[in-house]
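Whatever order the structure lists them in is the order used to number ligands and atoms, beginning at 1. Atoms considered below: every heavy atom in the structure, side chains included; atoms not considered: hydrogens, waters and symmetry mates.
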Amino acid sequence: MLRRDFATWQCGDRELSLARPRVMGILNVTPDSFSDGGEHADTASAVAHGLALLDAGADIVDVGGESTRPGFTPVDPEEEAARVVPVVRELLDAGALVSVDTRHPSVAELCVRLGAHVLNDVTGFTDPAMVKIAAEGECGVVVMHAGEVADHPTRRSVLLDSDPRSREAAAEDAEAEVADGDDAPADRGDASSVRLDEVMRRSARGVTSPTVRLASGSNRRFTLPESAPIMRRIMGFLGDQARTLMRAGVAHDRICLDPGAGFGKMADEDVVIQRACAQMVSMGYPIMCAVSRKRFVGAISGVGSAADRDAATIGAALAAAEAGARILRVHDVAGVTQALNAYWSIAHPGQSRAFVALGSNVGDRVGYLARACALINEIPLTCVSAVSHAYESEPAYGIATPVANAVAELRTELAPEVLLGHLMEVEQALGRTRPAGQDGHGPRTIDCDLVFVEGERHAGERLRLPHPGLVERDFVLVPMEDLVHDPARYLRHAGIAVLPREERVGIVLADLGPIEW
Ligand SMILES: Nc1nc2c(c(=O)[nH]1)N=C(COP(=O)(O)OP(=O)(O)O)CN2
Ligand SMILES: Nc1ccc(C(=O)O)cc1
């Protein structure tokens with residue numbers, strides 16, 4: 001059983017703490033995805049959207065260049081690579097934890113070579129070439145189940161998907177099937193696309209599954225299919241694929257499992273699967289919940305249009321998180337992050353240790369440091385547990401006058417991006433202004449930089465964790481010595497290699513004594 005509070009997911013050189021659920025933002029660089037096709041189809045708008053997802057709270061960005069919606073048209077791997085590779089490259093440069101949603105070995109290989117952290121394969125690493133690529137690298141892997149979960153023929157179906165392309169594709173395929181009398185189309189590309197094509201072609205026909213009869217002769221009906229055979233099939237497949245990957249050399253802690261909502265499943269089957277989330281969690285791997293905007297979410301919420309299913313998605317995602325799912329793959333990152341942060345704060349109390357670097361070079365500098373500590377201590381679900389001495393440091397980064405610096409150590413139950421918002425309010429309350437043209441380095445009454453939160457990494461333009469300046473700032477590292485026995489060693493555990501003193505900036509010149517706050 002996965003120890004929930006201590007679980008991590010190893011993704012290349014990143015170790016993602018799963019002490020709380022993580023949000024994977026969907027970035028579809030496609031013209032035809034089922035809910036957002038064409039919205040981010042060129043590199044520039046895709047990268048901008050990826051960065052916006054990070055700022056909205058995404059821990060991971062999942063970049064995909066091929067829609068696998070019901071009735072999808074397979075994309076040539078070269079075309080797929082042309083869509084995703086430039087986007088993956090730029091997001092990696094921005095420090096993001098990047099996942100690539102592909103079933104094509106050539107695309108996977110290119111992206112892993114660039115440094116992509118996760119391979120998300122909707123065909124569940126059934127292609128040995130995908131297993132080989134995963135085994136040769138260090139990336140995390142998402143093993144997804146795609147396929148039907150019932151042996152019986154589906155009953156008359158109701159098509160809830162509002163996307164006319166899915167319906168057209170379904171109708172065409174149904175006609176073709178009658179004409180062919182054959183389930184296995186020839187010359188439809190590589191083996192995995194033929195299999196996935198087939199599943200998603202059938203999937204396009206509807207969202208309802210057969211009514212299950214009780215013991216023979218009985219006329220009583222359950223409204224939902226029985227869970228055990230469905231979960232045996234899904235968990236059997238996922239467990240087998242995980243073992244295949246491990247035999248090839250992929251470590252257990254790199255593997256995440258996903259039951260593949262909507263891939264060959266009918267709405268009531270998807271509900272049965274979501275209800276069995278805790279059972280999947282007990283397999284001992286992180287479980288992904290990837291229900292965002294899907295047809296079954298429409299079926300249970302009554303929302304016909306896929307793009308309007310974000311609120312319903314939040315409900316389904318929180319249910320999964322409560323049952324132990326730790327990766328929530330969603331389109332609406334801001335909405336899910338806000339809901340999750342609020343929900344988690346109430347339902348799952350847990351503190352993190354955080355460090356805030358303080359600086360002032362205007363007026364009563366040490367007085368501003370003290371007032372900042374007092375105000376930070378008033379942030380909800382947060383307290384200041386210790387404060388370093390104040391130190392005089394050399395001005396760095398183009399600042400003209402010497403700065404008084406300190407570091408405050410906090411205990412907080414807030415998510416880092418929420419804490420950041422409160423710290424910015426503290427700066428405002430103390431009269432901090434950011435005049436245009438000074439690039440954030442002008443004179444300041446107070447600067448409150450969130451530099452480190454235990455177990456948290458974040459990329460984006462609004463918040464980067466650990467703070468990129470932490471490695472070189474003497475005016476942060478020296479005050480930290482008052483709080484942590486050996487900051488360099490402590491930070492090394494989190495993969496941060498601090499620079500030796502002679503290579504740092506903003507060298508500490510004098511100890512100004514304790515701060516009375
Ligand atoms: N691991 C995993 N990956 C996925 C899953 C999923 O359930 N699990 N669903 C997808 C469909 O969502 P998307 O918005 O990407 O739609 P598209 O296939 O039309 O691009 C695409 N990728
Ligand atoms: N790729 C997919 C896109 C959408 C759905 C769904 O709505 O069920 C399933 C798979």
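Neither the backbone nor the side chain of R293 has a heavy atom within less than 4.0 Å of ligand 2.
Atom numbering of ligand 2 starts at 1 in the shown order; those under 4.0 Å from a heavy atom of G262 are 8 (O), 9 (C). Taking every non-hydrogen atom of R69 and a distance limit under 4.0 Å, the qualifying atoms of ligand 2 come out as 1 (N), 2 (C), 3 (C).
Among protein residues, N28, S33, F34, S67, T68, R69, D101, N120, V122, V142, M144, D258, F263, M288, A290, K294, R329, H331 come within 4.0 Å of ligand 1, judged on heavy atoms.
At least one heavy atom of M200 sits less than 4.0 Å from an atom of ligand 2.
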- Could you walk me through whether L257 and M280 pass the side-chain contact (heavy atoms from CB on, under 4.5 Å) test, one step at a time? CA-CA 8 Å; L257 304 181; M280 289 185 280; over 6 Å; no

- Given R295 and S203, is the side chain to side chain donor-acceptor pair (under 3.5 Å) satisfied, shown in steps? CA-CA 10 Å; R295 290 168 304 159; S203 202; 3.0 Å; yes

- Item | Check against ring-ring contact (aromatic ring centres under 6.0 Å, His included), H252 and Y285 | CA-CA 8 Å; H252 188 294; Y285 302 87; 4.3 Å; yes

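At a 3.5 angstrom cut-off on N or O pairs, K294 does not count as close to ligand 2. Ligand 2 has an N or O atom lying under 3.5 Å from an N or O atom of T68, backbone or side chain.
Donor-acceptor pairing under 3.5 Å is lacking for the side chains of D310 and T313.
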Under 3.5 Å, which donor-acceptor pairs do the side chains of residues 79-88 form with other protein atoms, sequence neighbours left out?
| residue | atom | partner | partner atom | Å |
| --- | --- | --- | --- | --- |
| E79 | OE2 | R83 | NE | 2.9 |
| E79 | OE2 | R83 | NH2 | 3.4 |
| E80 | OE1 | H104 | ND1 | 2.5 |
| E80 | OE2 | T102 | OG1 | 2.6 |
| R83 | NH1 | G65 | O | 2.8 |

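Nearest-heavy-atom check against atom 4 (C) of ligand 2 across F72, F263, F34, F296 picks out F34.
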